[in-house]
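Structure record follows, encoded as structure tokens.
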Protein chains: 2
Amino acid sequence: MRTDSRLARMLHVLLHLEQAKDPITSEQIGQMLATNPSLVRRTMGGLRKAGIVTSVKGHGGGWCLAKPLTQITLLDVYEALGSPGLFALGLSNVTSTCLLEQSANKAIDSALDHASAFFRAELTKQTVADLVLPHAQKVQELKDRQASGHKPV
Amino acid sequence: MRTDSRLARMLHVLLHLEQAKDPITSEQIGQMLATNPSLVRRTMGGLRKAGIVTSVKGHGGGWCLAKPLTQITLLDVYEALGSPGLFALGLSNVTSTCLLEQSANKAIDSALDHASAFFRAELTKQTVADLVLPHAQKVQELKDRQASGHKPV
DNA sequence: CATATCGTAACTTTTTAAGTTACAAATGTG
DNA sequence: CACATTTGTAACTTAAAAAGTTACGATATG
């Protein structure tokens with residue numbers, strides 16, 4: 001199948017939601033993601049159940065943040081999507097009685113487990129708000145240079 | 001698609017190859033893996049090009065180890081398979097000009113990169129020979145108990 | 001020469017996220 | 001209340017890549 005881009009997409013959407021004061025419709029989000037509103041609703045539904053966003057039906061409705069981005073870790077979003085399988089790599093026949101096959105599977109399973117834990121730790125380290133810090137810093141630096149009269153290189 | 005089980009399968013095969021003095025045919029390997037000889041040849045072809053195994057055509061031919069398992073790391077096998085994509089997770093539209101989307105992608109890309117490096121480090125830590133050490137140790141322990149006259153619990 | 005076996009190309013199947021279509025339910029507007 | 005807007009959800013199709021399959025040429029043994 002295609003690689004699962006739901007986490008990347010949802011982070012993208014959350015960053016946009018923070019910048020909007022009114023609810024954003026699935027139609028608008030669909031345009032941001034170059035996809036259709038129904039897929040947006042399906043994917044964002046997980047975030048709603050996880051208490052990350054809220055949705056309002058009807059005229060003037062749409063999607064809003066349920067809490068500040070500083071209170072949402074990347075892991076929160078990942079888990080809101082159902083903690084989808086991380087790896088394209090897997091084991092071979094796990095019901096085999098061959099001891100050699102079991103040994104091979106065990107080694108890979110262990111490596112995947114460790115890598116998975118490592119990845120989740122990376123996701124826990126930062127909130128969604130942190131994602132735009134590098135950008136905010138660049139903007140600030142630009143302002144500083146202009147204020148001090150230095151010309152950009 | 002299905003999860004990629006080639007690494008697990010190849011490790012399994014290498015462990016069997018070490019136990020055989022004569023070449024093992026693709027047909028025999030196919031039975032170990034519950035698949036067909038052609039797929040075996042396709043997958044093992046990568047290991048041959050990487051110098052991990054050798055193949056002999058014709059009557060009495062088949063597959064042999066090209067060097068001892070102590071000289072083959074799990075990473076060697078993984079790379080012999082073409083270093084297949086590790087993750088089922090990916091980025092969203094990487095050509096987008098939206099800065100927020102770029103920020104989201106960057107964060108995920110970084111986390112995946114780190115997790116990938118971590119995984120590769122895990123694969124580098126052990127040779128294929130190490131996979132059966134736990135089993136060999138258990139066998140040794142069993143022998144020790146029997147030799148010392150203790151009854152197994 | 002007959003048989004066994006690898007090497008490789010071409011094709012089908014499987015799996016699951018993504019994508020699509022459709023419509024009921026709910027909410028705001030006039 | 002009638003109507004347009006929007007979410008919620010089910011059912012279906014599409015896409016991509018490993019797995020699986022089929023076929024056949026090349027090579028080595030006896």
Side-chain angles (χ1 to χ4, degrees), chain A residues 1-10 12-13 17 20 22-50 53-64 66 78 81-93, chain B residues 1-10 12-13 17 20 22-49 53-64 66 78 81-93 108:
Chain A
M1 65 197 159
R2 307 177 181 183
T3 61
D4 183 347
S5 61
R6 288 176 292 175
L7 177 57
R9 283 179 154 181
M10 289 303 100
H12 176 196
V13 169
L17 285 182
D22 293 327
I24 304 186
T25 66
S26 302
E27 176 68 35
Q28 292 173 303
I29 295 174
Q31 287 170 4
M32 293 175 196
L33 302 182
T35 184
N36 62 76
S38 196
L39 178 57
V40 170
R41 289 195 281 272
R42 191 199 301 166
T43 310
M44 304 252 326
L47 306 206
R48 177 174 20 83
K49 286 170 190 162
V53 298
T54 56
S55 60
V56 177
K57 288 182 181 176
H59 206 123
W63 300 86
C64 298
Y78 178 69
L81 293 171
S83 299
L86 180 56
F87 299 106
L89 224 72
L91 308 181
S92 65
N93 178 12
Chain B
M1 64 194 162
R2 304 178 183 182
T3 62
D4 184 347
S5 61
R6 287 176 292 175
L7 178 57
R9 281 179 155 181
M10 289 303 100
H12 177 196
V13 170
L17 285 182
D22 294 326
I24 304 186
T25 66
S26 301
E27 175 68 35
Q28 291 172 304
I29 295 174
Q31 286 170 4
M32 291 175 196
L33 302 182
T35 185
N36 63 77
S38 196
L39 177 59
V40 171
R41 289 195 281 272
R42 190 198 305 166
T43 309
M44 304 251 329
L47 305 206
R48 175 171 25 80
K49 287 169 189 161
V53 299
T54 56
S55 60
V56 178
K57 288 181 181 177
H59 205 123
W63 301 86
C64 298
Y78 178 68
L81 293 171
S83 299
L86 180 56
F87 298 106
L89 223 72
L91 308 182
S92 63
N93 178 14
I108 294 178

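All chains are named by letter (A, B, ...) in the order of the sequence lines, taking the proteins before the strands, and each is independently numbered beginning at 1. Note that the coordinates shown come from a computational prediction; the quantities given were computed from them, not determined experimentally.
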At 4.0 Å (heavy atoms only), tell me whether B:Gly62 reaches a base, stays on the sugar-phosphate, or touches nothing. sugar-phosphate

Euclidean distance, atom [atom1] of residue [X] to atom [atom2] of [N] [Å, nearest integer]:
X       : N      : atom1 : atom2 : value
A:Asp22 : D:dT6  : CG    : P     : 12 Å
B:Ile24 : C:dC6  : CD1   : P     : 11 Å
A:Leu89 : D:dA17 : CG    : C1'   : 14 Å
B:Lys49 : C:dC6  : NZ    : P     : 16 Å
B:Leu7  : D:dA18 : CG    : P     : 14 Å
B:Leu86 : D:dA17 : CG    : P     : 16 Å
A:Glu27 : D:dA4  : CD    : P     : 17 Å
B:Leu39 : C:dT12 : CG    : P     : 18 Å

What distance separates [X] [atom1] from [Y] [atom2], expressed to the nearest 0.5 Å?
X       : Y       : atom1 : atom2 : result
A:Leu91 : B:Leu7  : CG    : CG    : 9.5 Å
A:Asp4  : A:Leu86 : CG    : CG    : 10.0 Å
A:Asn36 : A:Gln31 : CG    : CD    : 11.5 Å
A:Leu89 : B:Ser5  : CG    : OG    : 8.5 Å
B:Leu17 : B:Trp63 : CG    : CH2   : 9.5 Å

How close do B:Ser26 and B:Arg41 get, heavy atom to heavy atom, and via which atoms? OG-CG, 3.1 Å

Under 4.5 Å between any side-chain heavy atoms of [X] and [Y], yes or no?
X       : Y       : value
A:His12 : B:Asn93 : no
A:Leu81 : A:Met10 : yes
A:Pro84 : A:Arg6  : yes

[X] side chain near [N] phosphate (N/O to OP1/OP2, under 4.0 Å):
X       : N      : result
A:Thr3  : D:dA16 : no
A:Asn36 : C:dG19 : no
B:Ser55 : C:dG7  : yes
B:Ser26 : C:dC6  : yes

Considering only heavy side-chain atoms of B:Asp4, the closest of D:dA18, D:dT21, C:dA22 is D:dA18

Side-chain atoms of A:Thr35 come closest, of C:dA9, C:dG19, D:dT9, to C:dG19

For DNA chain C, which residues in residues 40-48 of chain B have a heavy atom at a distance below 4.0 Å? B:Arg41, B:Arg42, B:Arg48

Restricting both atoms to N or O, compile the protein contacts to nucleotides 28-30 of chain C shorter than 3.5 Å, with distance only.
none

With hydrogens left out and only the distance checked, is there a donor-acceptor pair under 3.5 Å joining B:Ser38's side chain and the base of D:dT22? yes

Run the side chain to side chain contact (heavy atoms under 4.5 Å, CB included) test on B:Thr43 and B:Arg9 for me, step by step, so that the C-alpha distance in whole Å, both residues' side-chain angles and the decisive distance to 0.1 Å come before the verdict. CA-CA 9 Å; B:Thr43 309; B:Arg9 281 179 155 181; over 6 Å; no

